[in-house]
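Reviewing the structure listed below.
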Amino acid sequence: MIDPRLLRDDPDATAAALARRGVDRAALKELRDLEERRRQTIAELDRARAEQSDASKAIGRASAEERPALIEAAQQLKGRVADAERAREAAATAHEAAFARVPNLPHPDAPDGQEGDGEVLRTFGRRPAFDGEPRDHVELLEAGGALDLERAAKVSGSRFAYLKAEGALLEFALVRYAIDVAGRHGHVPVIPPVLVREEAMYGTGFLPTDEQQLFRTRDDDFYLIGTSEVPLAGMHLDEVLNPAELPLRYAGYSPCFRREAGAHGKDTRGILRVHQFEKVELFSFVHPDASDAEHERILAIEEEIFAGLEIHARIVDIPVGDLGASAARKYDIEAWLPGQQAYREVTSCSNTTDYQARRLRTRIRVDGGDNLLVHTLNGTALAVQRAMIALVEQHQRADGSVVVPPALVPYLGHEVLFG
RNA sequence: GGAGGGUUGGCCGAGCGGACGAAGGCAGCGGUCUUGAAAACCGCCGGGCGCUUCGCGCGUCCCGUGGGUUCGAAUCCCACACCCUCCGCCA
């Protein structure tokens with residue numbers, strides 16, 4: 001959620017910032033009216049309650065003879081408080097619903113434009129050259145006995161996979177490698193709950209906007225997480241942190257579940273886009289002054305992980321029109337996939353500034369002043385399936401075997417896969 | 001799944017219809033004393049929202065959460081969540 005006070009105090013700057021994301025001024029005028037209405041109803045309710053409270057306290061002090069008359073008089077006040085309460089409630093509900101749908105203010109440095117208009121900041125790694133036609137990950141992994149899509153379709157349907165044999169071991173190696181790199185940079189490994197309550201989804205901004213992307217349980221009120229960002233962000237829900245504790249840095253490892261509604265026909269081959277995948281996710285809670293630096297820091301960890309795997313990729317500064325609701329700025333790493341002859345997203349890191357923290361109520365204590373909302377950031381350390389695709393496609397050899405990058409050899413125990 | 005017990009401020013813990021946002025203790029912070037420290041003593045010591053001459057201030061809400069009863073609820077009633085104990089089941 002954006003800061004309603006900012007909209008009130010500096011409507012022009014707020015409108016200009018949100019206009020970059022396609023929010024029009026009429027919608028903002030409506031928000032300001034809702035904010036004004038909310039404050040009026042609160043003031044009215046406070047007045048009514050103060051009056052009633054005085055009357056009740058007077059009864060407590062009164063003698064037995066005086067009481068009946070005073071009680072009768074005080075009874076009149078009940079209705080006024082009840083009316084004011086209903087008005088306040090209605091105004092708060094309308095305010096809440098409208099503000100929950102407003103996206104975060106974009107970072108001034110985030111580029112303009114829509115999906116595809118991202119600015120390539122840099123590339124790293126060497127783009128592999130092949131003598132013949134390179135195989136794609138499905139061919140490589142299936143031939144190597146590492147992937148079984150057909151049987152997964154039988155058991156669970158499309159967009160599911162069995163990773164087995166060297167495929168399963170490759171997952172463990174990649175995960176442990178990524179967690180070790182993250183750990184060297186101070187991110188504490190976490191295995192979080194993958195079923196969460198609505199409140200956690202709402203607090204992280206996935207509800208109400210991304211409801212159609214989420215799986216939910218039938219008999220219990222749980223959502224399956226689409227990323228461990230959700231339970232990691234929720235860890236400090238409703239907490240006031242000591243500023244000395246910051247930054248708090250985590251690396252969550254979990255399966256991720258996505259319905260991929262609306263993606264019919266898109267990326268149907270292989271394990272690029274599946275309903276269930278595993279991911280190591282970086283998450284930081286930082287002082288508001290430190291979030292820009294933290295964003296660069298997380299991006300650098302991601303780059304270190306992929307460069308360490310000797311994967312050629314490029315870093316893209318995502319345009320404002322393609323940002324998720326909670327992000328102010330986002331960097332993706334797109335790895336080169338020889339099987340597609342295209343760069344595809346393998347990581348994404350976002351600075352969500354105070355947008356999530358406001359709903360999560362995660363603050364830091366400020367002596368002699370108002371407590372501050374923290375800033376939160378998240379980024380992919382390693383999305384197993386997509387990293388696996390890039391790795392096997394880029395490091396494949398003519399015979400269908402795959403050279404394991406040296407950094408991963410200690411984790412895997414082999415120098416070659418499918419050899 | 002069955003049967004009980006519980007949830008109060010950073011922690012412990014009193015309160016069981018009327019000056020209660022809440023006694024008392026511990027921890028923390030500031031001060032007196034001291035060469036310094038300890039002890040002792042004094043003071044401060046939750047959060048949200050709104051108002052504000054932004055100055056300390058004022059109002060209101062919060063005693064797990066949400067409803068209800070009442071002139072008035074931490075205290076009474078209902079529902080839910082979570083924690084603990086015992087039985088059953090279980091990786």
Side-chain angles (χ1 to χ4, degrees), chain A residues 1-10 31-100 191-203 207 216-217 219-223 231 234-246 248 254-255 285 354-374:
Chain A
M1 192 162 96
I2 63 163
D3 186 357
R5 218 164 297 168
L6 188 67
L7 182 62
R8 196 202 318 166
D9 294 345
D10 198 352
L31 289 171
R32 284 167 62 197
D33 291 345
L34 287 166
E35 165 73 359
E36 179 60 27
R37 173 76 186 141
R38 181 182 75 90
R39 285 159 50 223
Q40 279 173 0
T41 56
I42 286 170
E44 171 56 26
L45 177 61
D46 282 358
R47 278 193 297 274
R49 283 214 262 238
E51 193 182 343
Q52 187 194 39
S53 170
D54 287 346
S56 293
K57 282 175 182 163
I59 293 168
R61 285 189 300 263
S63 65
E65 302 80 64
E66 298 171 318
R67 283 195 181 190
L70 287 174
I71 288 174
E72 197 178 331
Q75 279 166 347
Q76 311 303 316
L77 268 32
K78 271 184 95 168
R80 190 181 153 199
V81 172
D83 290 347
E85 176 59 44
R86 271 191 295 276
R88 198 222 95 239
E89 176 120 12
T93 302
H95 179 272
E96 171 87 11
F99 271 80
I191 296 175
V194 301
L195 297 177
V196 302
R197 292 187 177 164
E198 183 177 356
E199 188 180 17
M201 281 295 175
Y202 183 81
L207 287 177
R216 54 190 313 183
T217 58
D219 293 331
D220 301 279
D221 270 339
F222 289 119
Y223 287 90
M235 278 177 91
H236 299 289
L237 184 76
D238 206 21
E239 289 184 22
V240 182
L241 303 166
N242 183 332
E245 292 177 80
L246 296 182
L248 286 166
S254 78
F285 295 86
D354 62 8
Y355 190 86
Q356 286 180 335
R358 182 165 292 107
R359 287 201 216 170
L360 293 166
R361 302 182 302 280
T362 303
R363 302 90 90 199
I364 49 175
R365 188 170 312 289
V366 174
D367 289 333
D370 292 337
N371 290 337
L372 277 175
L373 292 165
V374 299

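Letters A, B, ... mirror the listed sequences (proteins, then strands); counts begin at 1.
As a whole-Å value, the separation of A:E239 CD from B:G46 P is 19 Å. The interatomic distance linking A:E198 (CD) with B:A81 (P) rounds to 15 Å, in whole Å. Following rounding to the nearest Å, A:H95 (NE2) and B:C49 (P) show an atom-to-atom distance of 11 Å. For the pair A:E51 CD and B:C58 P, the interatomic distance rounds to 21 Å; values are reported in whole Å. In this structure, A:Q75 atom CD and B:G72 atom P are separated by 8 Å, rounded to whole Å. The nearest whole Å value for the distance from the CZ atom in A:R361 to the C1' atom in B:C62 is 12 Å. A straight line from CZ of A:R86 to P of B:G67 spans 13 Å, rounded to a whole angstrom. Counting to the nearest Å, the P atom of B:C49 and the CZ atom of A:R363 are 8 Å from each other.
B:G64 sits 16 Å from B:C16 when the P atoms are compared, rounded to a whole Å. Spacing between B:A38 and B:U53 at atom C1', rounded to whole Å, works out to 48 Å. Distance check on atom P: B:C41 versus B:A27 gives 12 Å, rounded to whole Å. B:G15 and B:G68: their P atoms are spaced 29 Å apart (whole Å). The P atoms of B:G21 and B:A73 are separated by 11 Å, rounded to the nearest whole Å. Remark: the separation of the C1' atoms in B:U34 and B:C44 is 23 Å, to the nearest Å. Going from the P atom of B:C56 to that of B:C61 covers 24 Å, rounded to whole Å. Here, B:G31 and B:A37 have their P atoms 11 Å apart, quoted to the whole Å.
You'll find that the side chain of A:N371 is closest to B:G47, out of B:G59, B:G47, B:G18. Of the candidate nucleotides B:C71, B:G18, B:C51, B:G18 has the atom nearest to the side chain of A:R67. With B:U60, B:C71, B:C51 as the candidates, the nucleotide lying closest to the side chain of A:R49 is B:U60. You'll find that the side chain of A:A50 is closest to B:G59, out of B:G50, B:G59, B:G72.
Mapped onto RNA chain B by nearest heavy atom, A:R8 and A:V240 fall at different nucleotides, with A:V240 at the one closer to the 5' end. RNA chain B is contacted by both A:I42 and A:G60; A:G60 maps to the nucleotide lying nearer its 5′ end (nearest heavy atom per residue).
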Secondary-structure string, 5' to 3', Watson-Crick or G-U under 3.5 Å, | for another-strand partners, for RNA chain B
((((((((.[[[..)..(.....]]].(((((.......))))).((((((.....)))))).[[[[[..)....]]]]])))))))....
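The side-chain hydrogen bond (donor to acceptor under 3.5 Å, both in side chains) check on A:Q76 picks up nothing, with sequence neighbours excluded.
Looking at heavy-atom distances under 4.0 Å, A:D238 makes no contact with the nucleic acid at all. Note on A:R197: only backbone sugar-phosphate atoms sit closer than 4.0 angstrom, heavy atoms only; bases stay farther off. Among the atoms of the strands shown, base atoms are found under 4.0 Å from some heavy atom of A:I59.
Side-chain atoms of A:T362 come within 3.5 Å of backbone atoms of A:H236 as a donor-acceptor pair (strictly under, hydrogens ignored). Judged by distance alone, the side chain of A:D220 and the main-chain N or O of A:F222 form no donor-acceptor pair under 3.5 Å. Formation of a donor-acceptor pair under 3.5 Å by the A:R365 side chain with backbone atoms of A:P243 is not found in this model.
Applying the 4.0 Å criterion to OP1 and OP2 of B:G47, one finds that A:R365 has a side-chain N or O inside that range. Remark: A:R38 is in phosphate contact with B:G50, judged by side-chain N or O atoms under 4.0 Å from OP1 or OP2. OP1 or OP2 of B:G72 has not a single side-chain nitrogen or oxygen of A:K57 nearer than 4.0 Å. Between A:Q52 and the phosphate of B:C71, there is no side-chain N or O to OP1/OP2 separation shorter than 4.0 Å. Within the structure, a side-chain polar atom (N or O) of A:R5 is placed less than 4.0 Å from OP1 or OP2 of B:G50.
Of all the heavy atoms in A:R363 and A:V374, the pair that sits closest is C-CG1, 4.0 Å. In plain terms, the two heavy atoms of A:A58 and A:L70 that are nearest each other are O-CD1, 4.3 Å. In terms of heavy atoms, A:R359 sits closest to A:L207 at NH1-O, 3.1 Å. For the pair A:D83 and A:R86, the tightest heavy-atom approach, listed with the atom from each and the gap, is OD1-NH2, 2.6 Å.
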Step-by-step salt bridge (charged side-chain N to carboxylate O under 4.0 Å, His left out) determination, A:E85 to A:R88:
CA-CA 5 Å; A:E85 176 59 44; A:R88 198 222 95 239; 2.6 Å; yes
